[in-house]
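No experiment lies behind these values; they were computed from the predicted model shown.
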Amino acid sequence: GRVPMIPRYLLGIWWTRWFDYDGQDLIDVIKEFQSHKLPLDNLVLDMNWHQKNAWGGYTWDKNLFPRPEKFLEKVKNMGVSSV
């Protein structure tokens, strides 16, 4: 059978950086791209989004992302996919 095409945004521009960015820092990164009219399709939340004593776990670091659901919603509303 036919292989379905992947979503177009996955072929777009990706941004990632391994650093202790908090939610507002990352929103500011998106705004910086937008202020220069640069495309940004995917924001990769690298290793430091989760609790530091739980490598491999899936628990948000509430110091960096006190309201992760709101953060993800804001990123989506800005037209960027979070990975």
Between CD on residue E73 and CD on residue E69, distance to nearest 0.5 Å: 9.5 Å
M78 backbone acceptor or donor facing Q34 side chain under 3.5 Å: yes
From CG (L72) to CZ (R67), nearest 0.5 Å: 12.0 Å
Residues at least two apart in sequence or cross-chain that pass salt bridge (charged side-chain N to carboxylate O under 4.0 Å, His left out) with D25, listed by chain then number, are none
Between W15 and Y21, does the ring centre distance come in under 6.0 Å? yes
Kindly indicate whether the side chain of L26, heavy atoms from C-beta on, has any atom under 4.5 Å from the side chain of V75. no
Rounded distance [0.5 Å steps], CZ in F65 versus CH2 in W49: 9.5 Å
Heavy-atom closest pair, residues Y9 and W14: O-NE1, 4.5 Å
Flag the pair L11 / I6 as yes when at least one side-chain heavy-atom distance between them is below 4.5 Å, and no otherwise. yes
Can you list everything that forms a salt bridge (charged side-chain N to carboxylate O under 4.0 Å, His left out) with D41? Sequence neighbours excluded, please. none
F19, V44: one ILVMFWY side-chain cluster at the under-4.5 Å cut-off? no
Side chains of I30 and L40: closer than 4.5 Å at any heavy-atom pair? yes
Taking side chain as C-beta onward, heavy atoms only, is H50 less than 4.5 Å from T59? no
CD/Q51 to OH/Y58 distance, rounded to the nearest 0.5 angstrom? 14.0 Å
How about I27 and K74: do any of their side-chain heavy atoms sit closer than 4.5 Å? yes
Can you name the closest pair of heavy atoms from N48 and D61 and give their distance? O-CB, 4.5 Å
Heavy-atom check, side chain of D20 versus side chain of L64, under 4.5 Å: yes
If you define the side chain from C-beta out and look only at heavy atoms, does anything of F33 sit under 4.5 Å from D28? no
Distance from S81 atom OG to L43 atom CG, nearest 0.5 Å? 8.5 Å
